[in-house]
Number of protein chains: 2
Amino acid sequence: MDTSDLIAARVVEETKNPFEEDEKSSVSEIGNLFYRDLYPVNQDTPVADKNTREFLHRILDIQLDYITSSNDRSSKILDFYHPQQMKEKLDLEIPEEPQNIDTLLTDCKDALKYQVKTGHPHFFNQLSTGLDIVSLAGEWVTATANTNMFTYEIAPVFILMEHACLKKMRELIGFTKGDSILAPGGSISNIAITGQLIMYTSQHHHYSVSGGASAIGLGTENCVKVPCDKKGRMIPSELEKLIIRHKSEGHLPFFVNCTTGTTVYGAFDPINPIADICEKYGIWHHIDAAWGGGLIMSRKYRATHFAGIERADSVTWNPHKLLGTLLQCSTLHFKEDGLLISCNQMSADYLFQKDKHYDVCYDTGDKVIQCGRHNDIFKFWLQWRSKGMEGFETQINTLMDLTAYQVQQMKERKERFYLLLMSLNAPMSFFGTFLSVFARFIVHKLIQETGCWNLPFGEFPNFFRSIISNQAVTKKDVDFMLDELERLGNDL
Amino acid sequence: MDTSDLIAARVVEETKNPFEEDEKSSVSEIGNLFYRDLYPVNQDTPVADKNTREFLHRILDIQLDYITSSNDRSSKILDFYHPQQMKEKLDLEIPEEPQNIDTLLTDCKDALKYQVKTGHPHFFNQLSTGLDIVSLAGEWVTATANTNMFTYEIAPVFILMEHACLKKMRELIGFTKGDSILAPGGSISNIAITGQLIMYTSQHHHYSVSGGASAIGLGTENCVKVPCDKKGRMIPSELEKLIIRHKSEGHLPFFVNCTTGTTVYGAFDPINPIADICEKYGIWHHIDAAWGGGLIMSRKYRATHFAGIERADSVTWNPHKLLGTLLQCSTLHFKEDGLLISCNQMSADYLFQKDKHYDVCYDTGDKVIQCGRHNDIFKFWLQWRSKGMEGFETQINTLMDLTAYQVQQMKERKERFYLLLMSLNAPMSFFGTFLSVFARFIVHKLIQETGCWNLPFGEFPNFFRSIISNQAVTKKDVDFMLDELERLGNDL
């Protein structure tokens, strides 16, 4: 199928878009009812039950149509409108009076219609893409359970699932004992481990590391950026030089952040040489594997990319990125047990009572700086159950194969694509550019037509980063992306 | 219906528990399929579509049965098992091989079966109770959209909905301009506003305030606890005395946290007298309305409990508490615009590019310390649309009426219930105790049979706090709780 066919297909598809306003299905038996006809406000059980079931069935249908459309390669990833245009298309206001169920169903359809289809197989932007159906089911059940993760007594099942998942992750990291916790996003995970004085991170670190230094009062000037090589990896000898100099000046180096999978290059800082330095000088060694961590699920890539990870003191690892768990699910692991509770506990006696009638070691709430915790574990647990170790290993190996395929294809089209850099350590991120002055224009076209877009970074102000983390992607989809880039380039 | 009838009803109910393992519905046509037969791994569209739809229909059915059961007063709130027992009942392990769909459906049923039914009308513990069906629908759609809240281009619809909701909330607070953001839980909201030097909060403040002081390096010793009156309210004259003393010692008081709705007493610190002091000494006035904020939706209770709130510099307000929005949804509002971005931006150029083709003021990601943000707004927006201003006002007035009813009932049963304190400013929290040495025993019975439980606090080590925040609660449910407490007390 060539490009003109694709465009033709898209035009045809638009005429049968299931999200059109005039769709018949928005008119339903319960359309004229209101929130007060449903649970929990309506407590007339048979009626409330019937209405609630029908309403939620309609909500399911809207979502199923969206999922079908997201997996349809001929559907657009995004109908882009500027903020002002979007405000005119949608009724976003909070009204004085209640809105009926038909309006609410239309609200839901519109929200999905104008939303970026992050699960579309042609969406190569951002680290979290795809829509894992089992993880989605888990998130729905989580919402229905609507519980907080303070203590065992309020969330017994989910707390135990959290224990099971985090224990398995520590085993994979190579921490034989230790402790772990889920955080509201990897950036909070990266803050949670910081302490004081001087810390080190690569030039290409995630911005949450220096942001964390600022938030805890260390000051961004005490978060020292260590120079990187051309492939975006921290240079260990430069790190050691800085540590020696700062010590001689009377400062106390206390923390090194080793990024495994930088956001833009996908670079891996060398774990073992950094671990050697940290051990030599008695410095905390944190590994930010928020992005790259998924590779640990594959024996092959654990060996090539994460050798030595078990020597770290702590590890951040986000299943919501490479593993495709629904947003959000971010974990933090410590080699030594007992640290979380001793650092963060504020001993809110009303929650964490010591005279409870069960083993209070399952009351995890006092290990974190926030109080209430969203249940981010069930969707991951259910997804992991669905795949087993075997399924995640297959998933990672497949994504890496596709990445290698893209590199190979770019090399074959070398008159059009210039592989700016391909770190062997960073096969998840790719960079192709042709005429950088036109790149921004191409980006606008891509957003409107295809849904891939670029990331300017450092010395390469306009290039394309494509991310393959969606399990729906096939070789044909990679071809499609490259074809579209070529087409737009030719049109210039 | 007397207590023995209720117990009898419960026993009968157990025989038709829809969550029994041997239920026929767990055997389905797709039961022997695996994750690889569904989207996104299966890309053979007609087959994948059919399987995915059937799987998600089965997931919906499980949830509908759970919702029915949660609203059934004769069902138990919790089957309590100790961690070790629970581990024996459930298969929580992460397997080597993929698990089939029947196993996953059983996993979901079990998770709900052994979970605390937080939406049950007899669940009076915790600030977040109930299951608002429209907000639930919103959370499902949010999961299906699976998007991050970095920027307008990745989440155009949801970013605009966030703007609409937060603007409306600022209007209700009384901030004519200003800025707001959603945070991952009220505790992070309370940290985000802190700065340095000396801060003040009441003895009864939420523990996240002193935790935040610690996390940002201020030190818990510089988070000064201001004495409270008998009703748990900060004493303004004591606050002023402390400020004067600290200034005379060369310190710099910079921040006062005024709690409106303390966690245990439900006390309201006096807003206007504290505002007077803050203005006099040039100190930042923050109002922690995480719990009490819902009252702002009612004109009546805004006048009685929140007069002067518009004088504050910032306000934390969690819709996931009194308003019944699904967990989690926590907001932070500033009177002055531009502060969030100037304090927190780390300018991650790869996300927040200035040469974008749309108005970048909608790229909210750089206002917060975390990078990725979960979409916490849609469920609240949809819920608010469903109710309008009118519906939330009715909801708050009804909850407050029920609270007044409970106080009246406790007074009528004064030989059994001692109203430890009933702050007029804090009608959401109640405290009844009879024989405190036996209270812990009663709590165990309650957890196993009823689902209300106690909170020890300060000088009252064993008492019962009942929280009415569930829209499903009726006067009969309040009677039931008091009857159950009486029955267990009589059994001693």
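Everything quoted here is computed from the prediction, not taken from an experiment. In the text below, chain A, chain B and the rest are named by the order of the sequence lines, each starting its count at 1. Because only heavy atoms are used, hydrogens play no part in the values below, and waters and symmetry mates are left out as well, while side chains stay in.
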Which region of [X], side chain (C-beta onward) or backbone (N, CA, C, O), has a non-hydrogen atom less than 4.5 Å from a non-hydrogen atom of chain B, or is it both or neither?
| X | value |
| --- | --- |
| Leu90(A) | side chain |
| Leu92(A) | both |
| Lys168(A) | side chain |

Check: [Y] main-chain N/O paired with [X] side-chain donor or acceptor under 3.5 Å:
| X | Y | answer |
| --- | --- | --- |
| Ser386(B) | Tyr35(A) | no |
| Asn146(B) | Leu327(A) | yes |
| Arg385(B) | Asp107(A) | no |

Nearest-0.5 Å distance that lies between atom [atom1] in [X] and atom [atom2] in [Y]:
| X | Y | atom1 | atom2 | result |
| --- | --- | --- | --- | --- |
| Lys387(B) | Phe34(A) | NZ | CZ | 13.0 Å |
| Gln395(A) | Arg36(B) | CD | CZ | 13.0 Å |
| Thr147(A) | Lys117(B) | OG1 | NZ | 13.0 Å |
| Glu97(A) | Glu390(B) | CD | CD | 5.0 Å |
| Leu160(A) | Gln84(B) | CG | CD | 9.0 Å |
| Leu60(A) | His57(B) | CG | NE2 | 5.0 Å |

So, do [X] and [Y] sit near enough that their side-chain heavy atoms are less than 4.5 Å apart?
| X | Y | result |
| --- | --- | --- |
| Leu56(B) | Ile67(A) | yes |
| Tyr152(A) | Met86(B) | yes |
| Val134(B) | Leu38(A) | yes |
| Trp140(A) | Thr144(B) | yes |

Contact part of [X] toward chain A, heavy-atom cut-off under 4.5 Å: side chain, backbone, both or neither?
| X | result |
| --- | --- |
| Ile133(B) | both |
| Leu382(B) | both |
| Leu104(B) | both |
| Leu131(B) | both |
| Thr103(B) | side chain |
| Asn470(B) | side chain |
| Gln63(B) | both |

Pick whichever of [options] has the most heavy-atom pairs under 4.5 Å with chain A.
| options | answer |
| --- | --- |
| Asn100(B), Leu326(B), Ile59(B) | Leu326(B) |
| Lys379(B), Gln383(B), Glu96(B), Glu139(B) | Glu96(B) |
| Phe378(B), Tyr81(B), Phe158(B) | Phe158(B) |
| Thr118(B), Asp132(B), Thr394(B), Leu64(B) | Leu64(B) |

Give me the atom names and distance for the closest heavy-atom approach of Pro40(A) to Asn71(B).
CA-OD1, 4.4 Å
For a side chain to side chain donor-acceptor pair (under 3.5 Å) check, start with the C-alpha distance between Thr68(B) and Asp49(A), then their side-chain angles and the critical distance, and finish with the verdict.
CA-CA 7 Å; Thr68(B) 300; Asp49(A) 212 79; 2.9 Å; yes
